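Here is the structure we will look at.
Predicted, not measured: the structure shown is a model, and the values here were computed from it. Values below: all heavy atoms of this structure, side chains included; hydrogens, waters and symmetry mates excluded. Below, read A as the first sequence line, B as the second, and so on, with proteins coming before strands; counting in each chain starts at 1.
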Amino acid sequence: MSPALLPEVWRISDFRWETPQTFSLSCEKPEVQTRVQTLNPFRPGQFNMLYVFGVGEVPISISGSPENTSAQIHTIRKVGAVTNALAELKPGQSLGIRGPFGSAWPLHKAKGKDLVIVAGGLGLAPVRPVIYAALAMRSEIRSLTLLYGARQHAEILYADELLSWQTGAEIAVHITLDQATQSWQGRVGVVTSLIQAQDLDADRTLALICGPEIMMRYSAHTFLEKGLKPEQIYVSLERNMQCAVGFCGHCQYGPHFICKDGPVFRYDKVQSLLNTREV
Amino acid sequence: MQTEVVLLQRLHLDLLLSQLQAAGYQTVGPVVRDQAIVYDRIQSTADLPMGIGDIQGKGSYRLRSRDDAALFGYVVGPQAWKKYLYPPRQLLMRAEQNSRGLQITAPDQEVPKYAMIGVRGCELKAIQIQDRVFLEGPYSDDFYRERREQIFILAVNCTEPGNTCFCVSMEAGPAAGPGYDLAITEMLETAEPCYLARAGSAKGAELLKHCNPSHAPATLLEKENALWTAAAAQMGRSLNPEQASAALKSGYESTHWKDVGERCLSCSNCTLVCPTCFCSGVQEVTDLAGTSSERWREWDSCFSLNFTLTAGRPIRQSPGARYRQWISHKLAFWQDQFDQSGCVGCGRCITWCPVGIDLTSEIEALNALQTKT
Amino acid sequence: MEIKEDAIRKQRHFKDLPTPYLQALIRCAHLQTFAAHDFVFKLGGKAEAFYLIQSGTVAIEMFSSQRGSVRIQTLHEGDLLGWSWLYPPYKWHFDAQALEESQILVFDAKAFLEQCETDHEMGYLIQRRFGQMMVERLQATRLQLLDFYGDQK
């Protein structure tokens, strides 16, 4: 049977808590260790279907580097039966994986441009691969900026990595929190204020946005106010998904299937749908 | 090349059926059950609904006796052929977890070989629409493909469309389009019906040859043509697909959906009887010991509340939004997704809606609202 | 020290102000340095100025004995601070505290309002700009209120 439909057995090689509700699973394919197969290559923005024995499947975007050929990382928030079961897995245990599926961030369009990546909350996970990929081709990109909004200090994802990026010169990183405690010395305010504060060259900017739908909608609005065209903005959407290959119908979003036409969409393709209720 | 038209008698149909069975086909076709025409296994023409017709309307379906011996004198019933190609329940995989770790295996199932007897033009088109969904996208569904590759289709051209039919609008009938192995038209000239038959594939032609049939007389062909013309003129409903699609897109946020939502029961009947609706959900079924698990795919419906459950919350909460999704998908978005309409005009959704919601009237109402404003 | 027009044009909403109006703003402004932890203004104090941040960071905060100091928003280079001088009761509703050494243009609100009284055209234009800034702050606050990163259903 097609590997797109039948999960392969992978093994957890590393488990780490990122925030109180969010964890990262590194998964490796036993066949790769024995050099029978290569790891399924993926493009930044794509997702896998993770299967927990006896519980079910859930779509999770890949959050590691596309150049990592030994393991694929998934950052997951505990929200339902399957993600709760995933949180119980230990290194050495197995899970099923199908994928990768879906569309990718259009990194090729960033050549010679100012690439601005906006992430909100857990939305940093699906864009981390594109940050890695952009850093790998940094000389071809005019400028690289990450604007990250999170709820609280404790909910900042990949904090160590963000810090190391902040201290380097390759990527400008700006972080803002919705709710700050005394431990936080950085910016406080909604993520759109970070976009507002950017001095953008509208014609040369490519914006990639990932986070809760409201956050993406307002972030896109702010970019439009700054003079970007909808065609220069990309967003990543989320819907119920059961098959990931366009058969089950659950993820339909107007004329689109999120699983195969998305999850990454050019903003003009979904702009009016994002402003409509109960699509 | 002009397709040769031959004349068959009922005994030839029985001969065809037995030949198909000899070739390993399960012959399935229309039978009367629970006061409706449904599809099930048939052995011979004796199993067919001889002399049975039906009366259909909004939310209404009744069988009736005909005053002839027609074997195919009914309009489509509640079931579509999709139940054979895309079964209501399908085992997707098995998983075992034991001391050796996790193993996942594909189900090892025998693929049934069906000969479908009595496929209407609208139904043939519906099969082709599902082909597009399951076979012609970036991925192909192995379960569907394995079944689809070995079916035999005996189509029956429609000469008596029902009150809820509009296949002419959707270019799906009344005569069956290409894609069949054999197509027949039932001629009720004499007490015992006879059949005009055409082969649509090498398999079909080969089978016909064994019947040793005679050429169809020109007079019968003329009569057949007249029957089709009359049938096309007798459609109980009509729909302009381009207009419908445009109305749905511009009326996406119309207040009309609230109105439909107040009538719609979200019962899913329309999606279950629809020959093109393809949505499914998956169920994980574990044994009591917790060492083995099965993953099943089951027909699902965009009318169920949890269909759009995302991060713990359904997105289409109101019945009106769910009806809007169904009709917009069928008549507008399908075009964007698969370059064709998702509707074949079979009328099942109108007949089997318990509250008589008629998609053609809903389009008219939407149009009327829009021209008013 | 002379204040340059560019210092005021840093503010998005003042970027395209006609030069005479910029001059009017400059006439009632002075540059002030606030050290880290200095209060720019305090809750309940008389609102007699508005501020334009040239460098550094200022936090808008509210203090309560139960929750300590709650930071609502931080403001940075190019941001305007303070609108309570516009309307009665002309009192600050929050604390504004510099989080690091910050250079801030302080505008004498009373003096500026007097100029606006003699030049309504200018007053109208400036009011519009403040109005826009206030709408943006309100919208941002509403988004914060949504708490959209949370798990709450």
Heavy-atom pair count under 4.5 Å with chain A, highest-scoring of C:Val70, C:Leu143, C:Leu145, C:Leu75: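 The candidate making the most pairs under 4.5 Å is C:Leu143.
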
Pairs of heavy atoms under 4.5 Å with chain A: top-ranked of C:Gly78, C:Gly68, C:Ala140, C:Ala59: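 The answer is C:Ala140.
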
Value rounded to 0.5 Å, distance of CD1 in A:Ile214 from CZ in C:Arg142: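 Output value for this atom pair is 13.5 Å.
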
Within 6.0 angstrom of [X] [atom1], more than 12 heavy atoms from elsewhere:
X        : atom1 : value
C:His120 : NE2   : yes
C:His30  : NE2   : yes
C:Asp16  : CG    : yes
A:Lys269 : NZ    : no
C:Arg9   : CZ    : yes

[X] versus [Y]: any side-chain heavy-atom pair under 4.5 Å?
X        : Y        : result
C:Thr74  : A:Trp184 : no
C:Ile72  : A:Val188 : no
C:Gln139 : A:Tyr218 : no
C:Asp147 : A:Gln179 : yes

Closest contact, heavy atoms only, C:Phe148 versus A:Pro212: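 For C:Phe148 versus A:Pro212, the nearest heavy atoms are O-CG, 3.3 Å.
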
Under 4.5 Å from any heavy atom of chain C - which part of A:Thr192: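 For A:Thr192, side-chain heavy atoms alone lie under 4.5 Å from chain C.
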
[X], part contacting chain A, at a heavy-atom distance under 4.5 Å:
X        : value
C:Thr57  : neither
C:Leu146 : side chain
C:Arg12  : side chain

For a quick test of your reading: what N or O donor-acceptor pairs under 3.5 Å do the side chains of residues 114-122 of chain A make, sequence neighbours left out?
unit_1	atom_1	unit_2	atom_2	d
A:Asp114	OD1	A:Arg142	NE	3.0
A:Asp114	OD1	A:Ser143	OG	2.8
A:Asp114	OD2	A:Arg142	NH2	2.8

Side chain to side chain contact (heavy atoms under 4.5 Å, CB included) evaluation trace for C:Arg71 with A:Leu177: CA-CA 10 Å; C:Arg71 198 164 292 162; A:Leu177 297 183; over 6 Å; no

Chain C contact residues among residues 195-204 of chain A, heavy-atom distance under 4.5 Å: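 From residues 195-204 of chain A, the residues near chain C are A:Gln196.
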
Among the listed options A:Glu155, A:Gln152, A:Glu213, A:Met215, the residue most often paired with chain C at heavy-atom distances under 4.5 Å: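 Option with the greatest count: A:Met215.
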
Option in A:Ser193, A:Gly189, A:Gly211 with maximal non-hydrogen atom pairs under 4.5 Å from chain C: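 Top count of heavy-atom pairs under 4.5 Å with chain C: A:Gly189.
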
